[in-house]
Amino acid sequence: MKQTHIMTTPILSIRNLTVDIPTRHGVLRPVNGVSYDVAAGEILGVVGESGAGKSMAGNAVIGLLNPPAHIASGEILLNGQRIDTLPRDEMRRLRGKQIGVVFQDPLTSLNPLLRIGDQLTETMLAHLDISPSEARKRAIAALEEVGIPGAAQRVDSYPHEFSGGMRQRVVIALALCAEPSLIIADEPTTALDVSVQAQIIALLKRLCRERGTAVMLITHDMGVIAEAADRVAVMYAGQLAEIGPVREVLAAPIHPYTDGLMGSTPLASRGKDRLHQIPGAMPRLDALPPGCAFHPRCPYTQDDCRADPGPRIEDGAGRAACFHPISRTEVA
Amino acid sequence: MALVSIRNLTRIFDVSKPWLNRLIERKPKALLTAVSDVSFEIEERTVYALVGESGSGKSTIGKMLVGLLPPSEGHVEIRGIDLAQETDADKIESIRSDIQMIFQDPYASLNPRWRVRDIIAEPVAARGGKTEGLAERLLEQVGLSARDAGKFPHEFSGGQRQRICIARALASEPKLIVCDEPTSALDVSVQAQVLNLMSDLKDEFGLTYLFISHDLTVVQHMADRIGVLYLGRLVEEADPDTLFDHPAHPYTQMLLAAAPKLDGFGREVPPPQGEIPDPINPPPGCAFNPRCPLAAERCRTERPTLRDVRGARVACHFAG
Ligand SMILES: Nc1ncnc2c1ncn2[C@@H]1O[C@H](COP(=O)(O)OP(=O)(O)OP(=O)(O)O)[C@@H](O)[C@H]1O
Ligand SMILES: Nc1ncnc2c1ncn2[C@@H]1O[C@H](COP(=O)(O)OP(=O)(O)OP(=O)(O)O)[C@@H](O)[C@H]1O
Ligand code: SF4
Ligand code: SF4
Ligand SMILES: [Mg+2]
Ligand SMILES: [Mg+2]
């Protein structure tokens with residue numbers, strides 16, 4: 001059972017996060033006033049189309065924004081403590097210890113010249129108060145836990161001796177070995193086959209459940225979100241369009257963009273009918289329309305949508321950033 | 001007669017290290033069988049989809065079909081003509097211009113230094129055909145504007161670039177288009193636009209598609225007939241309803257169970273076991289036997305052949 005105090009204080013809390021990129025032609029804002037929480041043992045899915053700002057928001061949390069991109073305003077709290085103001089080296093320590101990171105390409109997280117086992121023990125020795133022999137024992141156990149067959153033999157292999165799916169398991173073992181309270185997984189299965197993806201997602205879900213780890217799962221795959229996430233945040237042009245329990249948001253979206261996304265996804269039950277089309281494409285950051293960023297593509301646009309300030313999700317409470325959300329009273 | 005008839009198609013790649021290294025390391029030649037004894041037919045004006053995981057041989061079949069790769073064994077016949085054996089140059093030329101290909105990456109497949117007009121007209125210009133106003137007309141047909149003809153590829157989004165690729169494929173008025181993962185690099189809302197466009201063009205021009213994809217929902221939406229590949233072998237072939245409602249091959253069953261479902265909230269299924277084996281040393285007998293829950297002794301020695309099972313063709317000793 002989860003304890004009440006864990007339920008009430010989220011592991012991760014992002015408040016009004018804004019990321020800016022100054023350029024010669026003005027300031028771009030890839031993340032614009034985004035707020036969300038992730039609780040212990042919860043998987044928050046972050047979806048949206050390419051360029052929506054999903055990775056930027058994730059990178060801001062782990063302190064890995066590439067300059068000149070930087071946090072312009074807002075707060076990031078981990079277990080109730082501000083982390084966005086921490087100095088670089090403290091942030092680096094936090095990243096191994098408190099926050100585990102899994103990227104799309106496992107090779108970005110693995111050192112090609114080091115044996116798998118040494119990478120695991122090094123990370124553990126840096127963050128946990130244990131002996132080298134204990135660390136090696138735990139490294140083998142960690143590899144077993146993520147489903148590497150023959151872990152005791154393979155612990156001394158190099159990354160290139162593993163398949164893509166196996167490498168991603170090793171990265172997950174690495175992300176988890178210092179027992180972090182938060183995992184940020186950015187498209188962890190996008191490069192993998194369906195069967196391996198199913199294995200990795202099942203693994204993430206089990207670890208999150210058994211250890212109470214909070215997970216921020218960034219992906220553009222709605223099916224993965226439906227099956228893995230407890231809640232989902234839909235991003236559009238740097239902003240949060242809709243957020244809520246995954247079943248409600250995907251099965252009965254109230255933001256016209258989420259509704260359009262779900263309609264344009266091929267679905268068995270829809271047969272061969274034409275797919276719903278959202279006209280146009282997501283605007284570029286240097287050409288954002290005034291008011292609601294979605295208004296040029298939205299079938300429900302009214303005059304108030306075209307003027308600033310655009311719609312916002314009220315801090316912590318609201319579900320959709322929309323002046324005229326789709327009414328779902330008939331379904332409820 | 002079927003428009004395309006593929007018979008016993010096999011493609012083997014020599015992936016050995018250079019001979020000197022082999023000599024020093026005493027390694028034998030390494031041969032990779034990317035496609036192994038695959039046979040199927042594509043009827044005119046239908047969509048035949050090939051699905052399968054990475055490395056299953058989808059693109060290699062597509063490339064052999066359009067003539068970018070010669071088969072190691074077997075035949076590709078278009079309207080009964082085998083391009084590898086035909087000697088009449090005119091016949092070869094006319095069949096070649098009937099086939100076009102669209103690739104996954106709309107960024108890599110457009111020359112960045114050419115204007116869109118020249119990119120689209122190139123297949124026709126190369127044959128000395130008339131290209132006056134051709135690009136402008138085709139741009140309108142794929143939902144872009146005639147004015148876009150003077151622009152360069154970098155001025156377009158991914159979805160728009162894929163439309164340009166489609167316009168180029170249409171330029172020589174083909175009968176058959178091989179589409180290799182045409183929407184895999186696109187967002188779902190853009191994918192919907194491109195898939196709708198492909199369906200419209202198919203009806204309008206009476207096109208036939210070989211549609212290659214690893215995305216089961218996309219395939220289910222587009223295909224009239226689906227072939228499932230595993231390690232270069234065709235393991236099952238059926239129409240979408242049969243395949244999705246009653247998959248007969250254990251691998252197809254595994255694939256369908258593992259694919260994430262849009263309405264699969266909180267779904268917990270035991271994930272598939274194991275991974276695709278090394279194609280240089282495929283398992284003997286049925287290539288799926290190390291991962292198959294039904295595998296028996298016979299599966300480890302005898303390769304199953306395709307046979308009819310309730311409206312499908314299935315390569316499994318025990319299906320049906
Ligand atoms: N150095 C940069 N200069 C200018 N714009 C940038 C820079 N880096 C990123 N961007 C822009 O920031 C926006 C957000 O990018 P981000 O990588 O967060 O998107 P994403 O939602 O993760 O997309 P994807 O699904 O493609 O990974 C994009 O529009 C991108 O073009
Ligand atoms: N030119 C080549 N030389 C050597 N091996 C090759 C070559 N082309 C393909 N292969 C191998 O043949 C097998 C089939 O590759 P192919 O590209 O046809 O797979 P695919 O089903 O299209 O996979 P994906 O979904 O990743 O595109 C793979 O094992 C691949 O490594
Ligand atoms: S605010 Fe207006 S334009 Fe924006 S999504 Fe809602 S209805 Fe559409
Ligand atoms: S032939 Fe045997 S191993 Fe292959 S799929 Fe059928 S039961 Fe499984
Ligand atoms: Mg990203
Ligand atoms: Mg391919």
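By convention in this document, chain letters (A, B, ...) are assigned in the order of the sequence lines, proteins followed by strands, and residues within each chain are numbered from 1. Worth saying up front: this structure is predicted, and the values here are computed from it rather than measured.
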With a 4.5 angstrom heavy-atom cut-off, is it the side chain or the backbone of [X] that approaches chain B, or both, or neither?
X        : result
A:Ala251 : both
A:Met166 : both
A:Pro149 : neither
A:Arg297 : side chain

Under 4.0 Å between a side-chain nitrogen and a carboxylate oxygen: does that hold for B:Arg225 and B:Glu43? no
Salt bridge B:Lys261-A:Glu227, side-chain N to carboxylate O under 4.0 Å: no
Examine whether an atom of [X] lies under 4.5 Å from a heavy atom of chain A, and if so say whether it belongs to the side chain, the backbone or both; otherwise answer neither.
X        : result
B:Leu186 : neither
B:Ala185 : neither
B:Phe244 : neither
B:Ser199 : neither
B:Gln273 : backbone

Side-chain H-bond candidate by donor/acceptor type, [X] with [Y], under 3.5 Å:
X        : Y        : value
B:Thr242 : B:Asp239 : yes
B:Arg291 : B:Tyr230 : yes
B:Arg147 : B:Ser145 : yes

Please identify, among [options], the residue contributing the most non-hydrogen atom pairs under 4.5 Å to chain B.
options                              : result
A:Ala198, A:Ser195, A:Gly165         : A:Ser195
A:Ala281, A:Gly280, A:Gly164         : A:Gly280
A:Gly48, A:Gly260, A:Ser50, A:Ala202 : A:Ser50

Quick one: does any side-chain atom of A:Arg169 pair with a main-chain N or O of A:Val146 as donor and acceptor, under 3.5 Å? yes
Could you tell me whether the side chain of A:Gln239 and the main chain of A:Asn32 form a donor-acceptor pair under 3.5 Å? no
Looking at every heavy atom in both B:Gln141 and B:Leu201, which two are closest together, and how far apart are they? O-CD2, 4.2 Å
